[in-house]
Amino acid sequence: MHPKGVISYSASMLRRELSARGQVLARTEKLLHELSPGSSPVVMFGRDEAGRHGNFHPASYQGICANPEWARRLTKVHTASRRVRARADWQWMELDSVNSSDALLMNIFCHPGVASGDGLLPAVARLLGVDAASQPCFGIRPGVPLKSGRVDTTEIDMRLGDLFLEAKLTETGFQQSRPRLIERYRDFEAVFDVSRLPWTPVGMVQGYQLIRNVLAAYASEAAFCVLCDGRRRDLVEMWYSVMAAVHAPAFAWRLKLLTWQELAGSLPSDLQRFLDAKYGIVQG
């Protein structure tokens, strides 16, 4: 279900709003930032001399930097850095971008009021249907078995216990593929009714990334959740169309959708204010 009263946004509309919000935040808080070149500039935040990073809630950023596994996520170079350098001493990283869904995910689940050494905030654990003792693991790479006996790997944004989560924000979609790509997977026919998958008029399968992630969860005996913005109805509807094609009843109940807006209501108040100001995400 879409959050009541939420207006539908395209990817480009949401990117423009996040850029405008990022620029206001950067100016008012005097944060280190640059704008990417082009007609629709993206705000890129950096770590300043005081140790602040404008793309992160201060408490979340402190938690990320204190955890070597989490901190490694900060080192993935942004593709735009190959074309332009903001300044001699600063190479843009993927999580510097105001549009980064991974940064949004870590802002929430690296906040000490949400995840700590004692486990998850109980309200968040209940909402996700996971054990409260679960600890977030980012950027996991589970195997997806192929009919050939080999294994294909896919990256999942986060794992909490036996739940895989994929985070989306301004991404344009979930990729398309030719039928031969998805037919390679060992469990494809066991999980999906091929005729019910979303197809394009030219015979391409939509939602390839989702299909692969679902198959990874199936092979790992895990659940799978898409976390996306409630304003992106196109992403919500695509995920529902992929879920509707799952004909393995004992597995279908493990698939779910959660919007950032729905999640926001269970978060600490300081994090809620941050999400509202930076992303326009308010409780749905």
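At least one donor-acceptor pair under 3.5 Å links the side chain of Arg184 to the backbone N or O of Leu181. Judged by distance alone, with hydrogens and angles left aside, the side-chain atoms of Ser220 form no donor-acceptor pair with the main-chain N or O of Ala217 at under 3.5 Å. Judged by distance alone, with hydrogens and angles left aside, the side-chain atoms of Gln135 form a donor-acceptor pair with the main-chain N or O of Ser116 at under 3.5 Å. A donor-acceptor contact shorter than 3.5 Å links the side chain of Thr75 to the backbone of Arg72. Using a distance-only test at 3.5 Å, with no hydrogens or angles considered, a donor-acceptor pair links the side chain of Arg196 to the main chain of Ala244. At least one donor-acceptor pair under 3.5 Å links the side chain of Asn107 to the backbone N or O of Ala103. Trp199 places a side-chain N or O within 3.5 Å of a backbone atom of Val194 that can act as its donor or acceptor partner.
In the hydrophobic clustering, where aliphatic and aromatic side chains (Ile, Leu, Val, Met, Phe, Trp, Tyr) are joined below 4.5 Å either directly or transitively, Val202 groups with Met204.
The closest side-chain donor-acceptor pair between Glu237 and Ser241, if any, does not fall under 3.5 angstrom. Side-chain contact, Gln176 with Thr200: no donor N or O sits under 3.5 Å from an acceptor N or O. Side-chain atoms of Asn213 and Thr154 include a donor-acceptor pair closer than 3.5 Å.
Asn55 contributes atom CG, which lies 11.5 Å from atom CG of Leu32 (distance to the nearest 0.5 angstrom). Distance check: Gln206 CD to Met238 CE gives 4.0 Å after rounding to the nearest 0.5 Å. Rounded to the nearest 0.5 Å, atoms CG (Leu95) and CE (Met106) are 6.5 Å apart. Going from atom OG of Ser101 over to atom CG of Leu227 covers 10.0 Å, rounded to the nearest 0.5 Å. Arg232 CZ to Thr170 OG1: the interatomic distance, rounded to the nearest 0.5 Å, is 7.0 Å. We find the CG-CG distance between Leu105 and Leu169 to be 11.0 Å, quoted to the nearest 0.5 Å.
For the pair Leu275/Leu104, a side-chain contact is recorded, criterion being any heavy-atom separation below 4.5 Å from C-beta on. Within the 4.5 Å cutoff, the side chain of Leu165 has no heavy atoms near those of the Asp157 side chain. In this structure, the side chains of Cys65 and Arg47 come closer than 4.5 Å at one or more pairs of heavy atoms. Using a 4.5 Å heavy-atom threshold, the side chains of Gln23 and Val98 count as separate. A heavy-atom distance below 4.5 Å is not found between the side chains of Lys168 and Asp229. Contact annotation: the side chain of Leu146 approaches that of Tyr185 to within less than 4.5 Å [non-hydrogen atoms, C-beta and beyond]. Annotation: side chain of Phe56 is not in contact with side chain of Cys110 (no heavy-atom distance under 4.5 Å). With a 4.5 Å cut-off on side-chain heavy atoms, Val242 and Phe174 do not count as touching.
Transitive grouping of hydrophobic side chains (ILVMFWY, heavy atoms separated by less than 4.5 Å) brings Leu257 and Ile156 into a common cluster. Hydrophobic clustering, with ILVMFWY side chains joined whenever heavy atoms are under 4.5 angstrom apart, keeps Met44 apart from Val24. Under a hydrophobic-cluster definition in which Ile, Leu, Val, Met, Phe, Trp and Tyr are linked whenever side-chain heavy atoms come within less than 4.5 Å, directly or via other members, Val191 and Val151 are assigned to different clusters. When the side chains of ILVMFWY residues are joined at heavy-atom separations under 4.5 Å, either directly or via intervening members, Leu14 and Val282 end up in two distinct hydrophobic clusters.
Residues satisfying the salt bridge (charged side-chain N to carboxylate O under 4.0 Å, His left out) criterion with Glu155, sequence neighbours excluded, are Arg73, Arg141. Residues meeting the side chain to side chain contact (heavy atoms under 4.5 Å, CB included) test with Ala123, sequence neighbours left out: Arg126, Ser266. Not a single side-chain hydrogen bond (donor to acceptor under 3.5 Å, both in side chains) links Arg178 to another residue, sequence neighbours left out.
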Would you sort out whether Phe138 and Asp102 count as a side-chain contact (heavy atoms from CB on, under 4.5 Å), showing the intermediate values? CA-CA 9 Å; Phe138 298 98; Asp102 283 329; over 6 Å; no
Derivation and outcome, side-chain contact (heavy atoms from CB on, under 4.5 Å), residues Leu271 and His57: CA-CA 7 Å; Leu271 189 51; His57 184 287; 4.1 Å; yes
Please report the C-alpha distance between Cys228 and Val236 in whole Å, then the side-chain angles of each, then the deciding distance to 0.1 Å, and finally whether the side-chain contact (heavy atoms from CB on, under 4.5 Å) criterion is met. CA-CA 7 Å; Cys228 73; Val236 171; 3.6 Å; yes
For His111 and Asp270: C-alpha separation, side-chain torsions, deciding distance, then whether side-chain contact (heavy atoms from CB on, under 4.5 Å) applies. CA-CA 10 Å; His111 188 285; Asp270 63 318; 3.0 Å; yes
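Nearest heavy atom pair, residue Met243 against residue Leu255, reads SD-CB, 3.8 Å. Heavy-atom minimum distance, Leu120 versus Ser134: CG-O, 3.5 Å. The shortest non-hydrogen separation linking Gly173 to Leu235 is CA-CD2, 3.8 Å. Nearest heavy atom pair, residue Pro41 against residue Ser36, reads CB-O, 3.3 Å. Pairing each heavy atom of Phe109 with each of Trp70, the nearest pair is O-CH2, 4.2 Å. Closest approach of Arg186 and Ala219 over heavy atoms only: NH2-CB, 4.4 Å.
The list of salt bridge (Lys or Arg N to Asp or Glu O under 4.0 Å) pairs with a residue in residues 11-26, not counting sequence neighbours, reads Glu17-Arg21, Glu17-Arg231. Counting only residues at least two apart or on different chains, the ring pair (Phe, Tyr, Trp, His ring centres under 6.0 Å) pairs with a member in residues 206-225 are Tyr218-Phe251, Phe224-Trp239.
A salt bridge links Lys147 to Glu189: at least one charged side-chain nitrogen sits closer than 4.0 Å to a carboxylate oxygen.
Classified by interplanar angle (parallel below 30°, tilted 30° to 60°, perpendicular above 60°), the ring pair Tyr61/His53 is tilted.
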